[in-house]
Enquirer: 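The structure's right below; bear with me while I get my questions together.
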Amino acid sequence: MKGFFSPKGLLLAGGIIILTGLGLNHFSGMKGEMFLVAGEAKSLIAESNLNSTQDTSRKTLGLIITLDSLKIRQYIPEFEILAFRSDTSSQKIGSTHGKLIDRFPADTMKIRKVGDTDYHFRLRAVYPNFQFAYEYPSNRDTIKPVAPGITLELKTKEGTPIVTLRTDQPNKNKLDDIVSLGAPLYFFWEKSADSVNGMVNSEGKKENKIVFSGADQRIYFIHNDTLTEQPLREGVFYSMPGQDTEGFTVLYSFPDYAYLKAVPSTKDTLMLNPVAHIEVWKAGEGYRDAFIYPERRGRKGGEYAIPDADYRLGLGEIRDKALRYCDCFLSIQGDSKKTSKSLNLMSGKSGMYKGYRFTPIECKEGSLNTVSIRIVKNPGKTLKIIGFTILLLAFSYMLFKRSHPIK
């Protein structure tokens, strides 16, 4: 075989085609990211960073892209620890973390190093639905009443907050009805029934009240000018008068606040409020506890700043796994006068529109649904594939001739 279809000719043709494809990608290709907010149209511009705020009137590519809606199907998220370094030049719109320098699997008790610092950290635990649990010594009868108090878990339509009333600080023994429980709460270490009875109409106006007396373990309910009492028992739910579901549970009634300890725990295994407990220390020094949590549904994430360094540790969802449950619905217009066409990116998969490949890289659902899209245009991709195919055929033919010489 001679001429153009000889091995050398095929090698030359393949190389030329590949170089042509590379040239097209270099001069006409594009790669960048775009940050979209649901309902807001954005023009595609010829910038390596598609979030640039510079004047782009002469760089527009004639496409107007809108995130119509975003749906994140229910799934169990997985998390990793992220290390950031402050670098304003690398930040994109919507990001305040800095430059991501490392990712660490959520493996407990494995020691990790933070960048080029002398600091190390390890993950103690991940709490799926974080809350603080409270502990108190069992021998409380032997503790003097120095700073008595009571810790309650309230149950209202707004949620289940935990509150502590204490008598050692001014006005800390009372909680006004700011949690919509239906009555203010009062705690006293010693309060007789006669004294409580004087509170029924002591202020000249009718007001429901709940009064706790720690020393004699009693709860007094003042409701519609009527006083009733019940024994105070820990771990028991007390419903509000006339209510079935709203009320409170007494966690601890104690003689001294100094012995009350709050320990991290989880309400259940549902991944509703994930928080990671980490230990951070500098070489040769003791560790300190830190709690980090991710951005979720519009809530800003909590990060830990490494002392005397430009590093931060945060908790983030593993994007690649989360994207499998993200469906993005886009509208794309050639210009403002043309009818838009739909482009649906289902389960995090990419889609094509007029030579542009759109791939979601991060989806966030909350008060504002947002998505970050990677947009790539490689007009020379087909030529490169053809060129490499020709090169492969040429090399295969050369090897075949070498192993099967003509006699």
Side-chain angles (χ1 to χ4, degrees), residues 30-54 56 60-61 63-82 84 86-100 103 271-275 292-303 312 314-333 336 340-353 356-377:
M30 189 202 71
K31 181 179 180 180
E33 296 179 9
M34 176 176 280
F35 182 77
L36 297 174
V37 178
E40 297 181 6
K42 195 166 188 179
S43 297
L44 185 64
I45 57 176
E47 294 282 344
S48 58
N49 179 359
L50 300 179
N51 295 304
S52 173
T53 57
Q54 299 176 0
T56 59
T60 180
L61 297 176
L63 295 182
I64 301 173
I65 304 171
T66 305
L67 174 62
D68 292 329
S69 62
L70 174 70
K71 180 181 179 181
I72 299 180
R73 287 171 276 112
Q74 187 174 3
Y75 70 104
I76 299 175
E78 297 182 42
F79 296 90
E80 59 187 354
I81 298 177
L82 308 175
F84 300 94
S86 299
D87 183 2
T88 55
S89 63
S90 67
Q91 293 182 20
K92 66 179 183 179
I93 291 178
S95 175
T96 57
H97 305 286
K99 183 179 181 181
L100 179 63
R103 301 173 184 269
M271 200 66 71
L272 299 177
N273 182 32
V275 174
I292 55 178
Y293 50 91
E295 296 180 1
R296 285 179 66 82
R297 301 185 182 276
R299 181 193 69 171
K300 184 179 178 181
E303 299 174 350
R312 307 178 73 87
L315 187 67
E317 289 190 35
I318 300 178
R319 291 184 181 181
D320 294 342
K321 295 183 178 181
L323 284 172
R324 301 172 189 173
Y325 304 89
C326 176
D327 300 331
C328 304
F329 302 90
L330 308 179
S331 292
I332 305 178
Q333 291 177 277
S336 58
S340 62
K341 294 185 178 180
S342 299
L343 179 64
N344 300 334
L345 308 179
M346 310 300 290
S347 301
K349 297 180 180 179
S350 60
M352 295 291 295
Y353 179 84
Y356 294 92
R357 179 174 294 278
F358 295 79
T359 305
I361 57 176
E362 185 175 19
C363 300
K364 291 184 179 181
E365 193 176 33
S367 57
L368 286 177
N369 291 341
T370 62
V371 62
S372 293
I373 301 283
R374 179 181 293 115
I375 304 175
V376 178
K377 183 180 182 182

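What you see is a predicted model, and the numbers here were worked out from it, not measured in a lab. Numbering starts at 1 and runs along the sequence shown.
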Enquirer: Shortest non-hydrogen contact from G301 to E295?
Expert: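 For G301 and E295, the tightest heavy-atom pair comes out as N-CG, 3.3 Å.
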Enquirer: Contact between L63 and Y353 at the side-chain level, heavy atoms closer than 4.5 Å - yes or no?
Expert: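 They are in side-chain contact.
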Enquirer: Is there a side-chain contact between C363 and L70, using heavy atoms and a 4.5 Å cut-off?
Expert: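 Yes, at least one pair of side-chain atoms sits under 4.5 Å.
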Enquirer: Could K364 and E362 be called an ion pair, given the rule that one side-chain N must be under 4.0 Å from one carboxylate O?
Expert: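 E362 and K364: salt-bridged.
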Enquirer: Measure the CD1-CG distance between I332 and D68 for me, rounded to the nearest 0.5 Å.
Expert: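 Here the rounded value is 10.0 Å.
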Enquirer: For residues 320-328, dump all side-chain donor-acceptor pairs below 3.5 Å to protein atoms at least two apart in sequence or in another chain.
Expert:
| from | atom 1 | to | atom 2 | distance (Å) |
| --- | --- | --- | --- | --- |
| K321 | NZ | E78 | OE1 | 2.9 |
| D327 | OD1 | R73 | NH2 | 3.3 |
| D327 | OD1 | S347 | N | 2.8 |
| D327 | OD2 | R73 | NE | 3.1 |

Enquirer: With the side chain counted from C-beta on, respond yes when K349 and F358 share a heavy-atom pair under 4.5 Å apart, and no when they do not.
Expert: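 Of all side-chain heavy-atom pairs linking F358 with K349, none is under 4.5 Å.
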Enquirer: If you look at every heavy atom in L315 and P274, which pair is closest and at what distance?
Expert: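 Residues L315 and P274, closest heavy atoms: CD2-O, 4.4 Å.
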Enquirer: Compare every heavy atom of S340 with every heavy atom of Q333, then report the nearest pair and how far apart it is.
Expert: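 That closest heavy-atom pairing would be CG-CB, 3.3 Å.
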Enquirer: Is the shortest heavy-atom distance from the side chain of I373 to the side chain of I65 under 4.5 Å?
Expert: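 With C-beta onward as the side chain, the pair stays apart.
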Enquirer: Mind checking the CD1-CE spacing from I361 to M34? Nearest 0.5 Å is all I need.
Expert: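 Here the rounded value is 12.0 Å.
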Enquirer: Could you grab the distance from atom CD of E33 to atom CZ of R374, nearest 0.5 Å is fine?
Expert: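 Reported to 0.5 Å precision, the distance equals 5.5 Å.
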Enquirer: K71: which residues meet the salt bridge (Lys or Arg N to Asp or Glu O under 4.0 Å) condition with it, sequence neighbours left out?
Expert: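 Partners of K71 by the salt bridge (Lys or Arg N to Asp or Glu O under 4.0 Å) criterion come out as none, since no residue qualifies.
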Enquirer: What's the separation between atom CG in L330 and atom CG in L345, rounded to the nearest 0.5 Å?
Expert: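 Nearest 0.5 Å value for the CG-CG distance: 5.0 Å.
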Enquirer: Applying salt bridge (Lys or Arg N to Asp or Glu O under 4.0 Å), can you list everything that pairs with R103, at least two apart in sequence or on another chain?
Expert: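 With neighbours one apart ignored, the set is E80.
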Enquirer: Using 0.5 Å steps for rounding, measure from the CD1 atom of I318 to the CG atom of L82.
Expert: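 Output value for this atom pair is 9.5 Å.
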Enquirer: Give, for atom CD1 of I292 and atom CZ of F79, the distance between the pair rounded to the nearest 0.5 Å.
Expert: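 These two atoms lie 11.0 Å from each other.
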